[in-house]
Undergrad: 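Sharing a structure below in structure tokens format, with a few things to ask.
These numbers come from a predicted model, not from an experiment.
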2 protein chains.
Amino acid sequence: MFESAELGHKVSKGKYKKLVPALRADLLDAQIELFKHGKFPVVLLISGQDGAGKGETINVLYEWMDARFISTIAFSQPSDEERSRPAMWRFWRSLPPKGRIGIFAGSWYSDPIGQRLAGSMSKIELDAQIDRINRFETMLINEGALVLKFWFHLTYEGQKQRLKELESNPRTAWRVTKWNWDRLKTYDKLQKVSGHMLRMTSKAAAPWIIVEGTDDRYRYLTVGQTLLDAIRAKLAAVKNTVAVESAPMLPQPSTINLRSVLSALDLTQSLAERSYEKQLAQWQARLAELARDPRFKGRSVVCAFEGADAAGKGGAIRRISAALDARQYQIIPVAAPTEEESMQPYLWRFWRHIPSLGRFTIFDRTWYGRVLVERVEGFCTQADWSRAYGEINDFEHELSEAGVIVVKFWLQVSQAEQLRRFKEREKIAFKRFKITAEDWRNRKKWDAYQQAVCDMIDRTSTGEAPWTLIEANDKNFARVKILRTLCKRIELELDGGLKEI
Amino acid sequence: MFESAELGHKVSKGKYKKLVPALRADLLDAQIELFKHGKFPVVLLISGQDGAGKGETINVLYEWMDARFISTIAFSQPSDEERSRPAMWRFWRSLPPKGRIGIFAGSWYSDPIGQRLAGSMSKIELDAQIDRINRFETMLINEGALVLKFWFHLTYEGQKQRLKELESNPRTAWRVTKWNWDRLKTYDKLQKVSGHMLRMTSKAAAPWIIVEGTDDRYRYLTVGQTLLDAIRAKLAAVKNTVAVESAPMLPQPSTINLRSVLSALDLTQSLAERSYEKQLAQWQARLAELARDPRFKGRSVVCAFEGADAAGKGGAIRRISAALDARQYQIIPVAAPTEEESMQPYLWRFWRHIPSLGRFTIFDRTWYGRVLVERVEGFCTQADWSRAYGEINDFEHELSEAGVIVVKFWLQVSQAEQLRRFKEREKIAFKRFKITAEDWRNRKKWDAYQQAVCDMIDRTSTGEAPWTLIEANDKNFARVKILRTLCKRIELELDGGLKEI
């Protein structure tokens, strides 16, 4: 893994002085084109051994390029806001927007490597982490990001030498602590762990670039030139890609018969008013209890609501929120992304609303928009929505692993009932706003939507984040079923969770 | 203060049922117009005594309106990210964007009231807080926000009664704790403290609305109707205001002679290369030391750079960042606001980048854009930039009070030197992007800009956040003066700070 980075690469002062001006001019040009183009971000990981020149290299990049379009994000101990959310949340919130370069000093690799070195992570856990990292980076790349991963390598003797040099210079002596010398003792182990990690996460679209750390000039030039080539290549590729679908397509099975999980639902189920009032009160009281169960302090709930227009999402959400303390939940209506959101990967705008421990986030429409409305209306390519199923499963898996209880509801109404509700809404003043021309338009695509829903359920109803289908022709029945499902699910989770498969 | 809220206001069930449907329809209509209009946010404070129905009222508002355009923000203990920044940061980050309603369950009033009740805040400190709150709310209102502040009041007997009722109902019993009963014992003191606060912060544009908390129906109707009337009135006012300047103007003094703080600068000052190299190294080393001084862990630095185009801001910033660890600073280039930023008060986009403890944020152009480019180019009204001086002083005062070291540099170059640099930039490939048609255009307004700078310095160079004018015709001289000023200032602050006036 590291052989080529132990050859004693060196660049003379003369050669360096000759090469830098042109490289610098080109980098700046490329950076400006990147910014003007605004089509992809650069995610730049600077990793490697202590004393291998990570900080210095970042400073040189700042000097060569325009600092206005770069940000450096360093990760030390997570804050309590970060600790009370899934581990990947802090990286999601730090992603650079399109057109910019985000330098990661420390990254999603730091913690697994550190834990494995300290012996607090098993090999199996490490490999699970590696798998997760690969899926995350694949998602970034599919979303258009240029991912560049540098690892600065030193030999044992080289690292010892660097640490001594740093220590002897009064300006840099502070950077060398006992911790660094202790860490040098684990040199061989770090080589083994990082070597394994790098091998397992080096992919064609995001390979690790191992750079010998000894010679400053060699390191600066190598990183600068690699970055330049990569940005140029990506800019050219983006220009040439008109509408080529790059991700693999899902085969679209023809529907042999019309029987589906949706048509199999018994939409005639209903609940009489008196019985509804009683059961509603009962489950709301139960939900209120669960929300203040001491065990809930270490958990959180993400509630996802999907359903046709007028299926009763809003009313159901209000029956949940009525049982909760206003300080404990947030309702997030999902509409078109804002400018800042559209400069980020698709799931970014959902990650930003992930609740901290002890809290609820209720999404009124969700990340499933990509495989529902965006698919049916053609707002994204088939490649995009085809890969979304896997990305969404990964996303929900991240949440579940961190103790977030993910509860997903699909509210199903019949076409006749939807029509009745549309007409009713048009009559009642304070519901009038709820019915728009778009709603009438969507009705015409009923079958396409039903097919999309069935695919969604098939591909994303997982053990840890199952879909619950709600027969929603009768609002009373729907609301009670939703509240009951939510309560039972939280109960189950607080009692120790779903059985592992 | 509370007399009118002790009259035993009640609304019968029949009247309530009659009034609610119309109120609800109107509220929804108003809310939709607010959202479509998108011109101002509603900042809704729900405050008052324990058991006075704050949570219930918020739930009813959610039921009556569209939850998609409301968010409720509750403030309990600040997170560590919040604690490591000025106290107002958590409120700034929670402000609703234009077109939306943000309900504050707890607010900037909670902490002062709580601290005063607990005896940990003196009357004088309380009044300083009150002054600060008034200035903050005035700013919100000037920025267009509709600020509505409700205080739910109960008599002593009424509160005791409510707590007992809540306790006897199994669904609400959990809400009453020993803390509530203890707090009832301080009823009189709370009346005194909150009465004082409410009186001092009740202004024509943001009056406190005291609501008797005993009767649910009365409370719901009062809040709903008040909210409706206020949104309607504001919508009407916004429509009718075409270009009426509402804030007081600053008188514009005519310039008697051309002598100014800027013309008085000796721009011939320079530093020879050898001397520069030596001093630069010396001050960079000092800055590096200061940044890792243990005492700096409890402080942070906000560095503001302003200056004409080509004055050398970027180069100076790089000389600072080169002395720092990339993990310790962030450079924020200030350009046009994003969509999300433009939906917020002017200062919001700067607040979001305020560093946490132990860190630096360097702004390349700043919040002073309002009184420089926006003033000169007419991008905002005179009313807006006139009030900006005071708002900016308040902003920097908030930072200073919290231990943030605010260091502001104006880089002054002569017109001749600027021209020389423009021409030079056009020649050098990797600096070409830095010179645009706009730069040439701005040059024509030189005098107007110089006047704006002089006004800015006069009005915003405060003891706690002084401007340092940098003679920047010679880059060497400028960079060393900047680094030296920054170091001296941090030293002074770490040694106990500026003397109080």
Undergrad: Partners of B:F152 by ring pair (Phe, Tyr, Trp, His ring centres under 6.0 Å), sequence neighbours excluded?
TA: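 None.
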
Undergrad: Under 4.5 Å heavy-atom distance to chain A, tell me which part of B:D325 shows up: side chain, backbone, both or neither.
TA: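 B:D325 touches chain A through side-chain heavy atoms alone.
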
Undergrad: Under 4.5 Å heavy-atom distance to chain B, tell me which part of A:E341 shows up: side chain, backbone, both or neither.
TA: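 It is both, since atoms from each part get that close.
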
Undergrad: Once you round to the nearest 0.5 Å, how far does CD1 of A:I331 lie from OG1 of B:T72?
TA: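 That separation rounds to 8.0 Å.
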
Undergrad: Under a 4.5 Å heavy-atom cut-off, does chain A meet the side chain of B:A22, its backbone, both or neither?
TA: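 B:A22 has no heavy atom closer than 4.5 Å to chain A.
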
Undergrad: For A:R359, is it the side chain, the backbone, both or neither that has a heavy atom under 4.5 Å from a heavy atom of chain B?
TA: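 Neither part.
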
Undergrad: Closer than 4.0 angstrom, basic N to acidic O: yes or no for B:E340 and A:R349?
TA: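 The answer is no: the pair does not qualify as a salt bridge.
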
Undergrad: Return a table of donor-acceptor pairs under 3.5 angstrom between the side chains of residues 94-102 of chain A and protein atoms on other chains or two or more places apart.
TA:
residue: A:S94; atom: OG; partner: A:R90; partner atom: O; Å: 2.7
residue: A:K98; atom: NZ; partner: A:S342; partner atom: O; Å: 3.2
residue: A:R100; atom: NH1; partner: A:R68; partner atom: O; Å: 3.1

Undergrad: Distance check, rounded to the nearest 0.5 Å: A:M343 atom CE versus B:E339 atom CD?
TA: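 The CD atom of B:E339 is 11.5 Å from CE of A:M343, to the nearest 0.5 Å.
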
Undergrad: For chain A, which of B:A322, B:A335, B:A288, B:A323 has the most heavy-atom pairs under 4.5 Å?
TA: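 Among B:A322, B:A335, B:A288, B:A323, the one with the most close pairs to chain A is B:A322.
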
Undergrad: Side chain, backbone, both or neither: which part of B:E56 has an atom under 4.5 Å from a heavy atom of chain A?
TA: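 Contact with chain A involves no heavy atom of B:E56 at all.
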
Undergrad: For a quick test of reading the model, state the closest non-hydrogen atom pair linking A:D80 to B:S79 and the distance between them.
TA: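 Scanning both residues, the minimum pair turns out to be OD1-CB, 3.4 Å.
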
Undergrad: What closest approach, in Å, do B:E82 and A:E81 show between heavy atoms, and which atom pair accounts for it?
TA: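 Nearest pair, atom of B:E82 first, then A:E81: CG-OE2, 4.0 Å.
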
Undergrad: Please find the pair of heavy atoms, one from A:L324 and one from B:N59, that lie closest to each other, and give the distance.
TA: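 Where A:L324 meets B:N59 most closely, the heavy atoms are O-ND2, 3.7 Å.
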
Undergrad: Answer with side chain, backbone, both or neither: which region of B:Q328 has an atom nearer than 4.5 Å to a non-hydrogen atom of chain A?
TA: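 Neither part, no heavy atoms under 4.5 Å.
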
Undergrad: Measure the CD-CD1 distance between A:Q330 and B:I73 for me, rounded to the nearest 0.5 Å.
TA: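 A:Q330 CD to B:I73 CD1: 6.5 Å, rounded to 0.5 Å.
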
Undergrad: Contact part of B:R319 toward chain A, heavy-atom cut-off under 4.5 Å: side chain, backbone, both or neither?
TA: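 No part of it gets close to chain A.
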
Undergrad: Chain A heavy atoms under 4.5 Å from B:I317: which part of the residue, side chain, backbone, both or neither?
TA: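 Neither part.
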
